[in-house]
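This chain uses plain numbering: 1 for the first residue, then up along the sequence.
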Amino acid sequence: MSYSQSSSSDSGSQSTSGSGILYQTPATSNVLTFKFVQFNPDITNCSLAGPDGVQHPAIFSTDNRMTIVQNFQSELTGTITWTHPATVELPGLVSRQSVRQWLSLTRDKAQRTMVFRGHAFTWRPSWEDLCLYDQGTELIRCQVKRTNNSLKVQIDTRGIPQGLVECIVVAIIILQSGRRID
């Protein structure tokens, strides 16, 4: 599972990929943008639209008990099991564990902490958006904006650990699902 982040350079476009999710971003951009679209009926069963606007069936629910997340090459990226307690697994990235543990609620219940490869991140609302911050800073790593029929996601790819894009996708599904996770 390789991940190469885009960076500023004069050499044309760079690709940002994770577990085979491939995005083309301009070399001068450090922002990866995509959308969750075609909710059927919600984010646990929808498609992803890449920066090129092409939609890829990527998120499937089975009997309302499990959500399967695939990359643009139809390879398994993660699973969410909605039975109580809800669990999450991202093969090779996050071992199977309770969602409550992976996205732990802070004592003040204002945000959720997500630890990935020893680095702590914090999900918290910012105005009408949902943002992922490096814990203890105001550095926004990801911003999620609700639009009419989609969720627009922008990820700052500078210096992020390999596999974080996949974690972000799965965390957004969980946090926007409306399901009980605690």
**Q** Out of T87, V94, T113, which one pairs with W102 under the side chain to side chain contact (heavy atoms under 4.5 Å, CB included) rule?
**A** V94
**Q** Check for me, please, whether V153 and F39 land in the same ILVMFWY cluster - side-chain distances under 4.5 Å, paths through other members count.
**A** yes
**Q** Kindly determine whether S61 and T44 satisfy side chain to side chain donor-acceptor pair (under 3.5 Å), including the steps that lead there.
**A** CA-CA 6 Å; S61 283; T44 65; 3.2 Å; yes
**Q** Are more than 12 heavy atoms from other residues, nucleotides or ligands located less than 6.0 Å from atom CZ of R117?
**A**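 Yes, because the 6.0 Å sphere around CZ of R117 holds more than 12 heavy atoms from other groups.
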**Q** Please round to the nearest 0.5 Å and tell me the distance separating atom CG of L32 and atom CD1 of I160.
**A** 7.5 Å
**Q** Of the non-hydrogen atoms in S126 and C131, which two are nearest, and what is the gap between them?
**A** CB-SG, 3.8 Å
**Q** Mind checking whether V99 and V115 sit in one hydrophobic cluster, side chains of I, L, V, M, F, W, Y counted as touching below 4.5 Å?
**A**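 No, because V99 and V115 fall into different hydrophobic clusters, even though each may have its own neighbours under 4.5 Å.
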**Q** Indicate the atoms forming the closest heavy-atom contact of L132 with F121, along with that distance.
**A** CD1-CB, 3.4 Å
**Q** Judged by atom type as modelled, is there a donor-acceptor pair below 3.5 Å linking the side chain of R158 to the main-chain atoms of N30?
**A** no
**Q** Considering only heavy atoms from C-beta outward, does the side chain of S177 approach that of W82 to under 4.5 Å?
**A**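 The answer is yes, as the side chains (C-beta and beyond) meet within the 4.5 Å cut-off.
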**Q** Begin from the C-alpha positions of D134 and H119 and carry the test side chain to side chain donor-acceptor pair (under 3.5 Å) through to its verdict.
**A** CA-CA 8 Å; D134 279 330; H119 189 89; 2.9 Å; yes
**Q** Would you check, one step at a time, whether the test side chain to side chain donor-acceptor pair (under 3.5 Å) holds for T106 with Q111?
**A** CA-CA 6 Å; T106 57; Q111 54 196 10; 4.6 Å; no
**Q** Take D182 and K109, measure what side chain to side chain contact (heavy atoms under 4.5 Å, CB included) needs, and give me the verdict at the end.
**A** CA-CA 11 Å; D182 288 311; K109 299 184 180 182; over 6 Å; no
**Q** Could you measure the distance from the OH atom of Y133 to the CZ atom of R124? Nearest 0.5 Å is fine.
**A** 4.5 Å
**Q** Tell me, with the steps shown, if I43 and I172 meet side chain to side chain contact (heavy atoms under 4.5 Å, CB included).
**A** CA-CA 9 Å; I43 196 168; I172 290 169; 4.0 Å; yes
**Q** Check the pair F36 / V144 against side chain to side chain contact (heavy atoms under 4.5 Å, CB included), numbers first and verdict last.
**A** CA-CA 10 Å; F36 289 86; V144 182; over 6 Å; no
**Q** Could you pull out the closest heavy-atom pair between P125 and A110, with the gap in Å?
**A**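 Smallest interatomic distance, heavy atoms only, reads CD-O, 3.7 Å.
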**Q** Looking at R100, I want to see if its CZ is surrounded by more than 12 non-hydrogen atoms of other residues, nucleotides or ligands under 6.0 Å.
**A** no
**Q** Tell me the closest heavy-atom pair linking G50 and F34, and the distance in Å.
**A** CA-CB, 4.2 Å
**Q** Would you call Q97 and V88 a side-chain contact if the rule is heavy atoms closer than 4.5 Å?
**A**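 Result yes, sub-4.5 Å side-chain heavy-atom pair found.
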**Q** Please determine which of D42, T67, N64 meets the side-chain hydrogen bond (donor to acceptor under 3.5 Å, both in side chains) test together with R179.
**A**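 Output: one option passes, namely N64.
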**Q** Between the side chain of D52 and the main-chain N/O of V54, is any donor-acceptor distance below 3.5 Å?
**A**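 Pair found, side chain donor or acceptor close to backbone of V54.
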**Q** Nearest 0.5 Å please: distance from the CG atom of L139 over to the CG atom of D156.
**A**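 That separation rounds to 6.5 Å.
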**Q** With rounding to the nearest 0.5 Å, note down the distance linking CE in M114 to CD in Q101.
**A** 14.0 Å
**Q** Roughly how far, to the nearest 0.5 Å, is the CH2 atom of W123 from the CZ atom of R141?
**A** 12.5 Å
**Q** Tell me whether V37 shares a hydrophobic cluster with I173, the cluster being built from Ile, Leu, Val, Met, Phe, Trp, Tyr side chains joined at under 4.5 Å.
**A**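 No, it is not one cluster - the side chains of V37 and I173 are not joined through contacts under 4.5 Å.
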**Q** Consider side-chain hydrogen bond (donor to acceptor under 3.5 Å, both in side chains). Of Q55, Q38, H56, which one does S47 pass it with?
**A**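 So, applying the side-chain hydrogen bond (donor to acceptor under 3.5 Å, both in side chains) to S47 and each of Q55, Q38, H56, only Q38 qualifies.
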**Q** To the nearest 0.5 Å, tell me how far L90 CG sits from L76 CG.
**A**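 CG of L76 is found 8.5 Å from CG of L90.
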**Q** Less than 4.0 Å between a side-chain N and a carboxylate O, is that true for E128 and K152?
**A**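 Salt bridge flag = no for E128 with K152.
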**Q** Quick one: does N45's side chain have a donor or acceptor within less than 3.5 Å of a partner on N40's backbone?
**A** yes
**Q** Given E166 and V69, is the side chain to side chain contact (heavy atoms under 4.5 Å, CB included) satisfied, shown in steps?
**A** CA-CA 9 Å; E166 291 79 5; V69 183; over 6 Å; no
